[in-house]
Amino acid sequence: MARKATNTFTHLSPFQRFYLIAVAGLIVGPFIPLIIQSLAFRWAWPNLLPTVWWMEQRERSPIPLAWDYVLSPYSRVYEATFNTMVIGLAVTVICLAICLPAARVLARESFRGKSSFEFFLSLPLIVPEAAIGIALLMIFINLGLAGSYFGIIIAHLIPTIPYMVRMLTAVYQGLGREFEEQAMILGATRWQILRMVTLPMLMPGVVAGALFTFLVSSNIFLLTFFLGQGKIITLPTLLFSKISGGTLDASAAGITLIVSLPGIILLIISERFIKEEAFGKGFGN
Amino acid sequence: MTGLSKTALRKGLMTAGALVLTTALAHGDEAAEQFRTDFLGGKLSWEDVSKRAAEEGKVNFYYWGGSDTINVWIDSVAAPAMKELGVTLNPVRITSTKDAIDLVLAEKNSGKGVGEGSVDAVWVNGENFYTLKQQEALFGSFAESVPNSANFDWNPDDPRSLLNLRDFGVTTDSQEIPWSGQQYVCAVNRQYVDAADTPSTFEEMKAYLEKNPGKFTYVKPPHWVGNTFVQSVMYSFNPDGNGGVPFQQSIDDLGAAELARLIKPGMEYLKSIEPLLLDADGGKPRYPEDIAALDGMFLNGEVYFNCKFGLYAVHTGLQTGAYPEKAEAFIFPKGVMIANKNYLAIPANSPNPASALLLANYMASVDSQASKLQNAGMPVGIDVWKLSADDAAKVKDAAPPLYGVTQAELDANVAPDTNASLVDVIEATWLEYIERGSSSSIEEIVDTMVKQMAQ
């Protein structure tokens with residue numbers, strides 16, 4: 001695969017190459033100054049590179065600088081990563097548990113008010129997050145849920161469920177009833193059908209939906225900020241408190257790089273998994 | 001079947017909701033309420049407090065977490081010290097102190113009293129303290145009842161006690177305890193400005209900017225650092241020539257017309273330097289929104305001066321690389337370098353009030369103050385003249401170096417900060433007259449603002 005790509009690249013016209021490089025530059029480009037900044041001690045305009053690097057000052061400084069700070073417990077990066085993961089996983093699991101049955105109904109059954117129901121599904125995506133956040137905070141304070149993991153997980157379900165339902169509904173629609181009926185005719189029990197027919201065929205959609213939900217949850221700032229009340233920090237809230245000043249020092253740049261890691265990892269996983277599942281042995285072929 | 005379960009579910013939900021609401025509204029923690037009454041009534045010994053604190057075992061300290069050096073000090077020095085006292089310090093870093101104030105008030109409004117909220121102690125001063133006090137959201141007068149209160153001067157007859165008794169002109173009533181003292185100090189980049197050209201008054205600054213346009217700007221109000229800059233301009237151009245003295249009164253005592261008269265020359269000065277500030281090019285300048293933005297401009301040589309609170313800001317900036325190599329402090333504006341203190345307050349709905357008192361007492365100790373000064377570059381909040389010779393020496397030895405100025409020069413140019421009730425009016429006037437470029441006269445603007453605030 002990789003060899004084929006390099007071969008064909010030389011056959012591209014200069015124009016085609018230019019566009020590819022431009023796209024790559026726009027995607028990778030922003031990371032380069034971030035990486036440099038994360039290693040800098042003093043980097044002022046108009047110098048192209050830092051005048052003093054972190055490594056030069058490392059021994060002399062009484063406080064941990066740059067990556068020493070980012071990777072120390074003082075930066076709270078570990079705590080934030082752990083929280084982001086736990087919340088993201090919980091949100092994904094709950095979201096799937098709610099959306100799988102719901103998507104099945106939406107894809108297969110017709111009932112009165114179905115189209116307006118589908119319209120209302122996207123409402124949480126239209127209403128500004130700040131409005132939802134403040135309203136939820138008032139309610140959650142009364143319920144004693146503010147500043148708790150449970151409260152944040154519930155809040156994260158609001159913007160993730162619409163996406164998940166839509167994705168799974170589309171997958172269910174693509175999966176005809178015939179497969180399940182066939183299995184039933186052949187004498188499979190309901191459980192067997194679910195386990196051996198429906199779920200494997202839904203798998204690419206479920207994985208894509210789950211990855212997407214996790215990614216959305218791990219990026220939600222405002223709702224987490226409101227409901228976490230500073231007690232529960234996640235990677236986005238940690239990043240915000242570091243860069244809200246409007247400047248990016250070395251430790252802030254390091255935290256920014258760390259915050260973008262989960263997304264990159266998930267992107268790689270999903271690229272591989274979905275390709276193999278959907279196009280390797282997926283349905284339709 | 002479905003109908004039945006639906007009704008049952010709805011009923012269940014309603015009962016659950018009602019239950020939660022009633023528990024939230026009732027004063028649940030009577031033991032904490034009793035503790036508060038007893039402590040404030042002077043019925044408890046410090047042993048009693050320590051004992052209850054050990055039972056509580058935890059203290060949630062909310063503070064502005066934007067400084068790496070302070071964060072490291074809290075985690076590596078304060079937390080272990082509190083652990084030794086039997087209390088786990090839970091430092092909650094917040095982006096803006098107002099977030100903690102909003103949280104305290106939101107919880108108070110949903111009926112959460114002593115022992116039931118989530119904030120035990122908060123780092124505050126000025127407006128935020130004023131808000132808590134006005135809303136009666138403070139634990140009570142504790143500062144003079146903790147053992148380390150001996151490190152502060154509480155004698156109202158001694159003028160040096162002013163900053164312990166008044167916070168932006170608002171009486172503290174011991175409802176907060178000083179944590180650190182600060183002074184408004186400007187830094188200059190010696191790479192561009194030599195000593196002979198360095199201004200020491202606002203007129204000289206204007207003359208400098210006429211020759212070197214765009215090389216100065218200040219943090220814009222409503223940020224408190226911006227407000228302080230504006231206040232020092234108001235003091236300097238006070239038509240009566242008595243600096244900050246009249247600004248110590250509240251707006252009710254001073255009156256709108258008198259305030260307008262006092263601030264008019266200052267506001268006109270600020271308007272006149274606008275076209276000379278950063279990127280103004282004769283038009284509208286660029287004002288940084290906060291300290292970090294101004295630090296960035298200073299580092300990048302966009303501006304040659306950096307005015308903010310921070311006796312040791314140059315030291316910290318050089319240590320972290322946030323300041324240019326040739327940065328040093330200078331005396332500006334002469335005679336009106338505003339000094340104040342910042343404090344630790346305990347909210348009325350503190351969930352662990354005894355631990356909060358223990359924390360307040362620890363933070364007021366000579367050891368913690370000296371260590372904070374040395375490691376985080378935060379000036380002490382305790383009063384050195386109240387300390388024993390040994391302790392005073394300890395504080396002196398812990399002080400980081402000053403660059404370009406001496407402590408004596410800084411002390412000689414101290415000015416008090418502005419009464420909190422005037423701060424709002426001056427801030428609103430700046431926003432209206434300078435930022436929005438209102439064509440109304442200062443008198444009209446001040447009058448409208450005062451009326452608005454009174455509502």
Side-chain angles (χ1 to χ4, degrees), chain A residues 37 40-47 50-54 56-57 60-66 68-70 72-76 79-80 134 137-148 225-226 228-233 237-238 240-252 255, chain B residues 16-17 20-21 23-25 60 62-66 68-69 71-76 90-96 99-100 102-103 106-107 109-112 116-119 288-302 316 318-325 374-377:
Chain A
Q37 178 72 69
F41 175 74
R42 186 181 284 120
W43 190 14
W45 192 86
N47 302 311
T51 43
V52 184
W53 294 86
W54 152 59
E56 302 172 46
Q57 289 290 323
R60 257 177 281 168
S61 170
I63 55 158
L65 294 170
D68 283 335
Y69 180 83
V70 175
S72 74
Y74 305 128
S75 70
R76 308 273 171 91
E79 188 188 335
I134 292 198
L137 182 60
M138 290 329 243
I139 299 168
F140 279 17
I141 284 180
N142 274 322
L143 296 177
L145 286 177
S148 72
F225 182 71
F226 276 138
Q229 299 188 323
K231 275 187 262 179
I232 297 179
I233 51 165
T237 60
L238 182 74
F240 177 75
S241 61
K242 263 314 270 188
I243 63 172
S244 60
T247 45
L248 201 66
D249 58 14
S251 55
I255 289 175
Chain B
V20 169
L21 268 178
T23 22
L25 288 172
N60 303 311
Y62 282 62
Y63 74 100
W64 174 74
D68 289 356
T69 49
N71 292 342
V72 171
W73 183 80
I74 299 266
D75 285 6
S76 66
N90 173 30
V92 182
R93 295 178 193 166
I94 43 179
T95 330
S96 144
D99 294 342
D102 289 346
L103 176 58
E107 285 177 341
N109 293 336
S110 36
K112 305 227 164 180
E116 300 176 318
S118 42
V119 184
E289 298 275 346
D290 54 31
I291 319 165
L294 180 60
D295 283 351
M297 293 166 177
F298 185 55
L299 175 66
N300 289 332
E302 290 178 85
T316 314
L318 292 176
Q319 223 175 34
T320 58
Y323 269 28
E325 243 167 308
Q374 183 167 21
N375 298 303

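Letters A, B, ... are given to chains in the order of the sequence lines, protein chains preceding strands, and every chain is numbered from 1.
Proximity to chain B is limited to the backbone of Trp43(A), based on heavy atoms less than 4.5 angstrom apart. Heavy atoms closer than 4.5 Å to chain A are found in both the backbone and the side chain of Glu325(B). Proximity to chain B (any heavy atom under 4.5 Å) is shown, for Phe41(A), by both the backbone and the side chain. Residue contact with chain A, scored on non-hydrogen atoms closer than 4.5 Å, involves the backbone of Pro324(B) exclusively. For chain A, the nearby parts of Ser76(B) are the backbone and the side chain; heavy atoms of each come within less than 4.5 Å. For Pro46(A), no part lies near chain B; criterion is any non-hydrogen pair under 4.5 Å. If you measure heavy-atom distances from Thr237(A) to chain B, you find no contacts under 4.5 Å at all.
For chain A, the option among Thr320(B), Asp102(B), Asn60(B) with the highest count of heavy-atom pairs below 4.5 Å is Thr320(B). Here Pro91(B) is the residue among Pro288(B), Ala106(B), Ala376(B), Pro91(B) with the most heavy-atom pairs under 4.5 Å with chain A.
Interatomic distance, Asn300(B) CG to Asn47(A) CG, rounded to the nearest 0.5 Å: 9.0 Å.
In this structure Leu103(B) satisfies the side-chain contact (heavy atoms from CB on, under 4.5 Å) test together with Gln229(A), Tyr62(B), Glu107(B), Ser118(B), Val119(B), sequence neighbours excluded. Asp75(B) is linked by a salt bridge (Lys or Arg N to Asp or Glu O under 4.0 Å) to Arg76(A), Arg93(B), counting only residues two or more places apart in sequence or in another chain.
Closest non-hydrogen pair, Ile63(A) versus Thr69(B), comes out as CD1-CG2, 3.3 Å.
Between Lys242(A) and Asp68(B), the closest side-chain pair of non-hydrogen atoms falls below 4.5 Å. Using a 4.5 Å heavy-atom threshold, the side chains of Tyr74(A) and Asn71(B) count as separate.
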